[in-house]
2 protein chains.
Amino acid sequence: MTTPGRGLHGHVLDTLGPEITAGEYPPGSVLRTDELAQRFDVSRSVMREAVRVLESMHLVESRRRVGVTVRPTSEWNVYDPQVIRWRLAGKDRARQLRSLTVLRSAIEPVAAGLAARHATADQCAELTQCALGMVANSRGHKLEEYLVHDMAFHRVVLDASGNEMFARLGDVVAEVLAGRTHHDVMFEDPDPAAVTLHVQVAEAVRAGDAVRAEELTREITVGALQELDILAP
Amino acid sequence: MTTPGRGLHGHVLDTLGPEITAGEYPPGSVLRTDELAQRFDVSRSVMREAVRVLESMHLVESRRRVGVTVRPTSEWNVYDPQVIRWRLAGKDRARQLRSLTVLRSAIEPVAAGLAARHATADQCAELTQCALGMVANSRGHKLEEYLVHDMAFHRVVLDASGNEMFARLGDVVAEVLAGRTHHDVMFEDPDPAAVTLHVQVAEAVRAGDAVRAEELTREITVGALQELDILAP
DNA sequence: CGGAGACAAAAAGTCAGACTTATTCATCAC
DNA sequence: GTGATGAATAAGTCTGACTTTTTGTCTCCG
């Protein structure tokens, strides 16, 4: 993703991060830097760098004379893309997908409304292209091709909103969509109604109809929520 | 906030983080670890730890033979509480507050709707307490006391939503509210209409009326947005 | 019996220096 | 012009010694 495994400390994080976020060390657990360094066969300097990163994500807290203690889940920086990825790869992937889908349902409609006001001509064109790509791959088990356009569509909407905080959720939404396609559901073709909604959103944004863009996007996200409810009511 | 200045590398971050987020080193600038270590009068080990943290926030990228390069703003982890704090303390505080207020306007109504469904009796009581506290301090230039209850109110709503992603925005919302009171506007007493809305939200949540809680909260956030528009149209 | 203060141990924090490795850039041959 | 060679550079890594803070314990005295 963001060039993983860069350097030794990166390799340590690739293992230790998922372990912690998966809850293998319950909150309050104490780790010792020296032991970890031994375990991963790296020097203490490298291990310290890894701990610093975990600390900046609020996953752990390092205190003298006591060690590196795992913080409670409620304090983690759950918006850190790295943390999101670790958790999506872990045990409670389902719960995580639900949380993120609810987040989508709050953000994306508002973002679409803003996009209708602020989108450039280029962005409108790109949006239409994405929607067309979704239509073109909506039948015949071309899920991967569909997914690519779906992810691009939502990313463009978030970017076009002109709000930096929304724009930075593009990666998260992409992960959620990818997760849905690859692991959970979606054995068949996507819901035709959803495809239509995407086309209509593209049109509403192009027409500058903020209210309509927002409402249509809300329908899309409601659909995504219902999809999860059907799977795990 | 989260125990700043912890350790030497923390002190380095307290200076270097704000500098970078303030744009003092434009994207693409290269910093040398050795020079930085000299500048801050710390060992390279300590400087490396600081760089690792900045790297985990996607503020910089460290590459061999070239140095530590500042990444473009669009790649920063803008949801990292530390980054948010640094930016709020910096130059484009106004722009930042706008972004975050738009984010609030998307999140909080949905969170309030969920809170109406999921809030415990304790949370309902706490919410009412907060609303009462706001009322009690809404006149007579008791802005600080009002702020405390306002922050608590929104935090409880976000917590009560039962969604982890929403709950973790409590700090951010608190920063926004504090920023508004302390720096920008609010020389007089708060808007009486806003106070009333908070009371009504507390009541709607207690009554389990999700639609009403959502709509009322939307009015609150719309008010917050308008407040900014008046200041910087 | 209990609290205050001194002491010792433990673990993170810090530093300095030597070495390794990847990357870039410039030079040179073809 | 293109491709290979090589030297320079800055990050990456490791080691070992030392410092500092914190905590638990063990007194000693009330």
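First the proteins, then the strands, lettered A, B, ... as listed; each starts at 1.
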Carboxylate-amine/guanidinium contact [X] [Y], below 4.0 Å:
| X | Y | result |
| --- | --- | --- |
| A:Glu164 | B:Arg87 | yes |
| B:Arg52 | B:Glu49 | no |
| A:Glu75 | B:Arg168 | no |

Length of the [atom1]-[atom2] vector between [X] and [N], whole Å:
| X | N | atom1 | atom2 | value |
| --- | --- | --- | --- | --- |
| B:Glu49 | D:dC14 | CD | P | 15 Å |
| B:Leu8 | D:dT21 | CG | C1' | 13 Å |
| A:Asp34 | D:dG16 | CG | P | 13 Å |
| B:Arg48 | D:dA11 | CZ | P | 9 Å |
| A:Arg64 | C:dA9 | CZ | C1' | 15 Å |
| A:Arg65 | D:dG24 | CZ | C1' | 6 Å |
| B:His11 | C:dT14 | NE2 | C1' | 16 Å |
| B:Leu13 | C:dG13 | CG | P | 13 Å |

Have a look at A:Ser62 and say if it touches a base, only the backbone sugar-phosphate, or nothing, with a 4.0 Å heavy-atom cut-off. sugar-phosphate
Tell me what A:Thr33 touches on the nucleic acid: a base, only sugar-phosphate, or nothing, going by heavy atoms under 4.0 Å. sugar-phosphate
Is a donor-acceptor pair below 3.5 Å formed from side chain B:Arg63 to base D:dA10, judging by atom type as modelled? no
Of A:Val66 and A:Arg44, whose nearest nucleotide on DNA chain C comes first from the 5' end? A:Val66
Between B:Ser45 and B:Arg32, whichever has its closest DNA chain D nucleotide further toward 5' is B:Arg32
On the 0 to 90° scale, with breaks at 30° and 60°, tag the B:Tyr79-A:Tyr79 ring pair as parallel, tilted or perpendicular. parallel
